[in-house]
Asks: 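This is the structure I want to talk about, given as structure tokens.
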Amino acid sequence: MAAMKRHVLYIVRLKRYLSSYLGTILILVSLIGSSVRAEVGRPRGVAISKSSFYKPGDTFTCLDNSAVLPYSQVNDDYCDCKDGTDEPGTSACPNGFFHCTNAGHKPMYIPSSRVGDSICDCCDGTDEYSGEVICDNTCKELGRAAKEERERKKQLLGEGYEIRKQYCEQGKTAKEEKRSRLEQLQYDKVQSETIRNDMEALKNQAEIPEKEAKDKHQQAWEAEKASRQANREIDQITSAFKELDKNGDQFMSKEELQLHPEMDIDNNTVVSDTEAKEHLEDNDQVDFDTFKDKVWPNIKDIYRSPEPVAEEPPEGSTVEPEESPPVDPEMEADNDRDLEEEDDDDEASPTPPTLPADVMGNDEDEDEYSDGDEDDMEDDRKDERGEEGSPPAQEEEKMPDYDEETKKLIEDAALSRANFDEADKRFRDTEKELNDINSFLNMDLGPDEVFYPLKDQCYEFTDREYIYKLCPFDQASQRPKSGGTETNLGRWGHWAGPENNKYENMKFEKGLNCWNGPDRSVLVTLHCGTNNEIVSVAEPNRCEYTFNFNTPAVCIDTTPEEPHDEHDEL
Amino acid sequence: MPFKSWRDSGFCRRQRYIDLPSLYTATLDSTTTEDDTLGFALHNTGNDHHLQVELTGLQHNCARLKINERQPVKPRYEIPVGDVLVQHPQKNKLNTLNRDESSVTITMNDVQAVIHAHPFQIEFTYQDTNVINMNARGLLNFECLQGKTHSGKVKHKTTHSSMYEPLRKKPRTTGNQQSQDVDTDDTELGEFAESFGSFTDTNPNGPSSVGVDVDFPGFTHVYGIPEHAESLCLKSTRNKEPYRLFNLDVYGYETHSPQSLYGSVPLMIAHSEEQTVGMFWHNASDTWIDIDIQESDKKQKAQTNTHWFSESGVIDIFLLFGPTPEDVFSQYGLLTGTTPLPPLFALGYHQSRWNYKDEDDVRKVDSGFDTHGIPYDVLWLDIEHTDKKKYFTWDKINFPNARKMIEDLSAKGRKMVTIVDPHIKQDEDYTIYKEASQRNYFVKNKDSIPYEGKCWPGLSHWLDFTNPEVRQYWSSKCGIDQYKESTEDLYIWNDMNEPSVFEGPETTLYKDCIHHKGWEHRDLHNTYGMYQHMATNQGLLARSGGKKRPFVLSRSFFAGSQRWGAVWTGDNVATWEHLQITVPMLLTLNITGMTFSGADIGGFAKNPTPELLTRWYQTAAFQPFFRGHSSHKTERREPWLQPEENIKITRDAICMRYSWLPYWYTLFYHGEVKGGPLIKPLWVAFPRDKVTFDADDCFMLGSAVLVHPVMEEGVSEISVLLPGKEEVWYDVDDHKLYVGAETYAIPVTLSKIPIFQRGGYIIPRRDRARSSTAHSWADPYTLIVCVNKQIFAKGDLYVDDFQTLNYKNGEYCHREFIFENATLTNRNCDTSGVYEPKAGVKEVIIVGSSLKPTSAIIHWQNQAQVEET
């Protein structure tokens, strides 16, 4: 099959319908017959501006010069030119266009595929010339309506434009004010910073003697406290020894110790010889000095006096709060789960919880405390709570007042501190205002600052289910009509219009995340209107909202004047 | 897992683990012979049960084998004739050749059957070749009803024990190989009440399953039994899950799994280089199929063994002896019907989404197509268009002027489709709920009160479409007078009709629910969706006074559903794997009669990349049902929302679909007349060419075109098999010539998918890009003539009014074209067609001829007219 090596392609162009095959010759005739309706002087579907290319003659040249055809092949319902220009009045070319004159309204081009498809595309009906459908000429009405619409828009644009001018004024004024305020603030900042630094130096100066005097006083008090504590401990040891030495022989014996059930180490309710001897450091009996030095440290934590021992503050009350790690309340709230897990650990380990009960604040923990002597513990804790906020120690534990000289130094230092705080605050306020102004001045409020009046404003729109709120340059949100919490749909992101009109759209982004989906976001499209208002809200994609917003701020004519194709209008 | 594995199903365990020689003996001296039917008794020596067998000869080389209880204590379910079977099949005379105690031999045309008495089995031969064996491995197991209902716990019945006792030790699928041991104690047999998760099936009638083995000696390739997201060629299930047929709502299903999906067609086709045969298992209950493929080796001949078991009903098998693939398709078409010619608009592009939210949204999407010069025909509305999911109603706020909206689409030659599901919202203000309650039209639960479950509207009831009176009622609801705001351009879509029941067992109805005439849901589950599809179709037909062709899409289907409209492959996913699986899934549907089928373009769930979406459009443009659809959780994906290049390519793909519609329409016409697939596996077109048997990444569109879609990301070249030693193929884009029986590396770009026209064929096209099918009625045709090595080509074109049923009364035109001896002739190939088309052929493109045409001579009414070239 040598012939098959090269593939050959031929297209047979049938000038007429292969009518023996489908349809009848009558249809063919009627199709040709109906073509008479085209305007005189130029073929159907040709704009008057192009009529010079279609002068009747022997030949027709495709407008792209790709071919020269017999003139009879223009509008013969068979596509010959690559650019489709030989069939301006039929649907034969896939890339062709049909021109409707549309007298009384706007002329237009429609794709060839819309010609003879039984749908009236041109208001003058010229695209449906076969007679299969009858198209009313609606150009006059449409023209009138279009004119009215143009006028309405023009009027709206005019009114809106006036307001827009005011917006620009307001915006410019605001920016100017802020700019001049900026200069003032920059000066103020330098000034207030100097003052602040001076005040800081003075404060530091005054604080040195104050600290020295206070430290001295404190040290003296510490020494005094230590000696008092030592005396108290001796008293305690003495009274314990006295109580333990039942027979008063100035020796505490193993047997005497065995009378105290709390000395039981292995919790078998019996204080055995071994246990007693362990407490007694392997002695059978001890005198007071040995008791004080060797034995007391062993038993002081477990020893319990049969009668309440005089006003001994409970061990935990002074120590524990200081040892407790600071608890960040936020952390506690955020990490409920973690805390619970910690609780579990506590239950498992024999060490007492390190967090004070009032911080942990739950009953289960309280139960844990109480496996010892319930009543005592309960009472202790009640005391603790009662004294909450006041110094833990008794009257005698209070540090004596500073002497007059120290008091004076403290007073002086406090004054210079107050002065510094004030100067510092002034400096910070200035700095903050400066930052605010800078960010305002850097904000893109559109040409001539026209969007300034929209800043710090919010607009609402209610549909079937929700109330939507748009605060330009801040955020957009939604809340159910029936009440309930507000959902953040997005924070101000950026202007998002097309390149030639960037201020047409506002983008709000990074709103609340949708379950299994994107963060919510809003695209706002701005339209000219005399009021600022949201006119519609939609959610074309899940969690991607679109708002249409009317504002005078965009009432500026960006479109060119009416198309100048008027000469086709006969 | 919300869905059952075979181990979760009691009857499946009982049937799959038989490991005994057959206990059944045919008592052949009891044989009764009518002209066309051989009847005899079977006796189970194990449990003393008696069965009755009927072997019937059918016309066109088919046979029917029916096995039922000889004296059932109560009737067993049989699908009414007319529902799945179009009618009682035409019988054929049987001749008894030989009869003695041990065997009977009968013949019917080219088919011979030998029935052996003990053990009972039947060998079928076609022209002296053994092609099918029944019960050769003794897996026949027919659980007879015990006449007593049980509602309590599982009881072990001694009457059954003799059968089961020895069976539990060695699991056995098919063939001689044994899978791993599984202990199945008595309580696991699930004979009566059976639990799955938190669901209990009371199964009051007790065990009623049926199963038998069917072997195909000499075959290693079997196809069919949709719907599974699996390869075209069925796989061996040894030591794996069997293929299951039980209609279920499986959102975002996995690909390459034997898991049952939305519909079922229990038709299997076995194919070899010598012959094609088929078997149709006429049973609507939960069905599982084991397949064991033995390649030939020194020890044994090639053979495919299959084992079929269903939860209830009877054994009713149709055997189709071919011998060609086309013969099997038309044999099956005679049994269950063919796909009627759809209205032309239904072959165009459909744009759907869950959901187009309101009338303005509809208007914008509609005009988006016009703005971007993309044709489309139908716009679809999902559930949100209704008033609180009450079907046949409108959300008055978002769709206040629905009729006007539909009319606006009509004015542009377009149509609308709304969704209508089978669940009925429990709401006293809902007419259909009230009427259906009063008339007792709902499916009942086991306690005979209307079953209440959840679906989209919340608490709902399910209409019992198995009741003809309910179908009649439903059809009336489709009427223009009943369906408010509807017009004749509004068509219907039936979703969730497996039926899908939220929080139900396997997301469907309980098997012990009760239908019309007291049948259990278990008996007929797989036909539920088909009955709704049928009722909706008949409603649309009645609405136009029987004049216009209905169009109804259904998600669930069964054998025979092809008569009621299109189906699609449900909730697929935006992945390349899901795009790839559309080809074997739709090919399988096509060879099992469900020809008008498609997959959601882009994938229903998740977001496709622009490349995936574009490739999907290119592929789907050559699949029968062509619809873009997506979930509300996905981003909008109307074609023009893609990058510029993708818009253009998508537009080209859709326009190509439209220009090829004359060819498509002609294929559909042949499909109605003869049955058989529209898109075909390669082996159907090249049945003797073994290299084609496994191909499922490409397909034939009709006989003239091979489509090899690009379904991989970022590829620049794909490997394309062009079969046929004697064939030549032409790339449809550049008419480049390729010789057959070779694999080519074809370079591809995003805009290119390899499509080839086969030498020897002529394709009719309509190349004018209109905005919908309604606008092309008067457009001329172009013929693409691709010659073969003999410089010969032929093709045809079928034309009618594209929308009414008048073609049934002869208002059509069917022309044949032959290019031979350098002359193209066309002739009326069906003189009973009297329709005069509104358009003719305007252009002929001849590809591959070395003869340069000098002139075209047109012969018309015996007169010759010379035209220039």
Side-chain angles (χ1 to χ4, degrees), chain A residues 1-28 31 70 76-79 90-96 111-121 130 132 463-465 514-518 536 538-544, chain B residues 357 360-361 373 375 397 411-413 632-636 655 728 730 735-737 739 767-771 774-781 789 791 797 799 813 815 817 824 826 836-853 856 858-861 865 867-869:
Chain A
M1 294 297 290
M4 297 306 295
K5 280 182 189 157
R6 237 180 85 244
H7 79 277
V8 188
L9 167 70
Y10 292 112
I11 298 180
V12 180
R13 178 184 184 280
L14 303 171
K15 194 173 152 196
R16 296 192 182 166
Y17 284 121
L18 232 182
S19 45
S20 64
Y21 150 54
L22 289 173
T24 69
I25 198 76
L26 286 176
I27 286 174
L28 179 70
L31 282 176
D76 70 342
D77 204 26
Y78 188 88
C79 193
T90 75
S91 56
C93 293
N95 52 348
S112 291
S113 63
R114 310 284 162 86
V115 175
D117 66 353
S118 303
I119 294 195
C120 307
D121 295 280
S130 71
E132 189 68 28
D463 75 357
R464 276 168 85 190
E465 283 178 75
C514 268
W515 185 78
N516 235 340
S536 69
E539 189 187 353
N541 283 317
R542 200 166 69 109
C543 303
E544 288 179 25
Chain B
K357 301 190 170 200
D360 192 46
D361 200 358
I397 290 162
K412 293 168 111 180
H632 68 306
K633 288 187 182 168
T634 63
E635 285 163 23
R636 287 279 181 131
C655 285
V728 290
Y730 303 88
H735 297 118
K736 199 173 161 193
L737 174 87
V739 292
D767 284 345
R768 296 190 185 181
R770 301 296 196 177
S771 53
H775 305 138
S776 59
W777 62 273
D779 288 346
Y781 293 92
K789 288 183 178 175
I791 323 288
L797 174 63
V799 175
C813 170
R815 307 290 301 201
F817 319 114
L824 176 66
N826 89 77
E836 292 188 355
K838 304 286 185 287
V841 172
K842 186 123 204 180
E843 186 177 58
V844 178
I845 297 175
I846 299 167
V847 184
S849 169
S850 55
L851 308 167
K852 183 183 185 333
I858 296 167
H859 295 272
W860 181 70
Q861 293 187 351
Q865 188 178 356
E867 294 273 346
E868 63 198 288
T869 62

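A quick note: this is a predicted structure, and the numbers were derived from the prediction, not measured. To find a chain, count down the sequence lines: A is the first, B the second, and so on, and within it residues start at 1.
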Asks: Give the minimum heavy-atom separation between B:T634 and A:N541, together with the two atoms involved.
Replies: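 For B:T634 versus A:N541, the nearest heavy atoms are O-OD1, 4.0 Å.
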Asks: With B:S776, which residues qualify under side-chain contact (heavy atoms from CB on, under 4.5 Å), at least two apart?
Replies: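 Only B:R766, B:R770, B:D779 meet the side-chain contact (heavy atoms from CB on, under 4.5 Å) criterion with B:S776.
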Asks: What are the two closest heavy atoms between A:I119 and B:G413, and how far apart are they?
Replies: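 That closest heavy-atom pairing would be CD1-N, 4.5 Å.
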Asks: Is it true that a side-chain atom of B:R636 and a backbone atom of A:P540 form a donor plus acceptor pair closer than 3.5 Å?
Replies: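 A pair under 3.5 Å: yes.
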Asks: Given a strict heavy-atom distance threshold of 4.5 Å, which part of A:S118 is in contact with chain B: side chain, backbone, both, or neither?
Replies: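 The side chain, not the backbone.
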Asks: Could you tell me which of A:S113, A:P518, A:C543 has the largest number of non-hydrogen atom pairs under 4.5 Å with chain B?
Replies: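 Between A:S113, A:P518, A:C543, the count favours A:S113.
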Asks: Quick check for you: to the nearest 0.5 Å, what is the distance between A:D76 atom CG and B:K842 atom NZ?
Replies: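 Rounded to the nearest 0.5 Å, the CG-NZ separation comes to 6.0 Å.
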Asks: Could you tell me which portion of A:E132 (side chain, backbone, both or neither) has an atom closer than 4.5 angstrom to a non-hydrogen atom of chain B?
Replies: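 A:E132 touches chain B through side-chain heavy atoms alone.
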Asks: With respect to chain B, which residue among A:P94, A:S91, A:C120 yields the maximal number of heavy-atom pairs within a distance under 4.5 Å?
Replies: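 With the most close heavy-atom pairs to chain B, the winner is A:S91.
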Asks: Distance-only, no hydrogens or angles: does the B:K357 side chain make a donor-acceptor pair with backbone N or O of A:A538 under 3.5 Å?
Replies: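 No, B:K357 side chain to A:A538 backbone: no donor-acceptor pair under 3.5 Å.
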Asks: Rounded to the nearest 0.5 Å, how far apart are CD of B:E843 and SG of A:C79?
Replies: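 Interatomic distance, B:E843 CD to A:C79 SG, rounded to 0.5 Å: 9.0 Å.
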Asks: Could you work out, with side-chain hydrogen bond (donor to acceptor under 3.5 Å, both in side chains) as the rule, every residue matching A:R542, not counting sequence neighbours?
Replies: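 side-chain hydrogen bond (donor to acceptor under 3.5 Å, both in side chains) list for A:R542, sorted by chain: empty.
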Asks: Return the option, out of A:P111, A:G116, A:A92, with the maximum number of heavy-atom pairs under 4.5 Å with chain B.
Replies: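 Winner by heavy-atom pair count: A:A92.
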